Amino acid sequence: MTAVAEPGTTDSELPRLRADIDGLDAEILAVVRRRITLERRIGQLRVGTGAPRVTHAHDMSVIRRYAAELGEDGTALALVLLRLR
């Protein structure tokens, strides 16, 4: 399948646009790594107090928030993020 450029987009813009996406991907990965670190710390603190490591109510609120913003793909993304912890 061949990608079709947006109307008004020139081939000379493509490298810049791809570089922009690469930059965004780097930012997303950094934020995901930070999220993982925070989730793990929260889990440690909860276990240290005798509580379960995770709360299903919180997980469901994350899933609902992502689904509301991105639909089905948001649900899938939320599930991946929750699994990474």
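All of these numbers come straight from a predicted model, not from anything done at the bench.
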How many angstroms lie between atom [atom1] of [X] and atom [atom2] of [Y], to the nearest 0.5 angstrom?
| X | Y | atom1 | atom2 | result |
| --- | --- | --- | --- | --- |
| D25 | E27 | CG | CD | 9.5 Å |
| H58 | L82 | NE2 | CG | 8.0 Å |
| D59 | R85 | CG | CZ | 4.0 Å |
| L81 | I36 | CG | CD1 | 8.0 Å |
| Q44 | R40 | CD | CZ | 9.5 Å |

For D73, salt bridge (charged side-chain N to carboxylate O under 4.0 Å, His left out) partners two or more places apart:
none

Same cluster for [X] and [Y] if Ile/Leu/Val/Met/Phe/Trp/Tyr side chains link at under 4.5 Å?
| X | Y | value |
| --- | --- | --- |
| I28 | V80 | yes |
| L84 | V47 | no |
| V54 | L45 | no |
| L38 | V62 | no |

Decide, yes or no, whether a salt bridge links R16 with D20 under the criterion of side-chain N to carboxylate O below 4.0 Å.
yes

Check ion pair E39-R35 (N to O, under 4.0 angstrom):
yes

Does R41 reach the side chain of T37, with side-chain heavy atoms less than 4.5 Å apart?
no

Assess whether atom CD of E69 is packed by more than 12 heavy atoms of other residues, nucleotides or ligands within 6.0 Å.
no

Nearest heavy-atom neighbours spanning G74 and Y66:
O-CB, 3.2 Å

Which heavy atom of A78 sits nearest to which heavy atom of I63, and what is that distance?
CB-CA, 3.8 Å

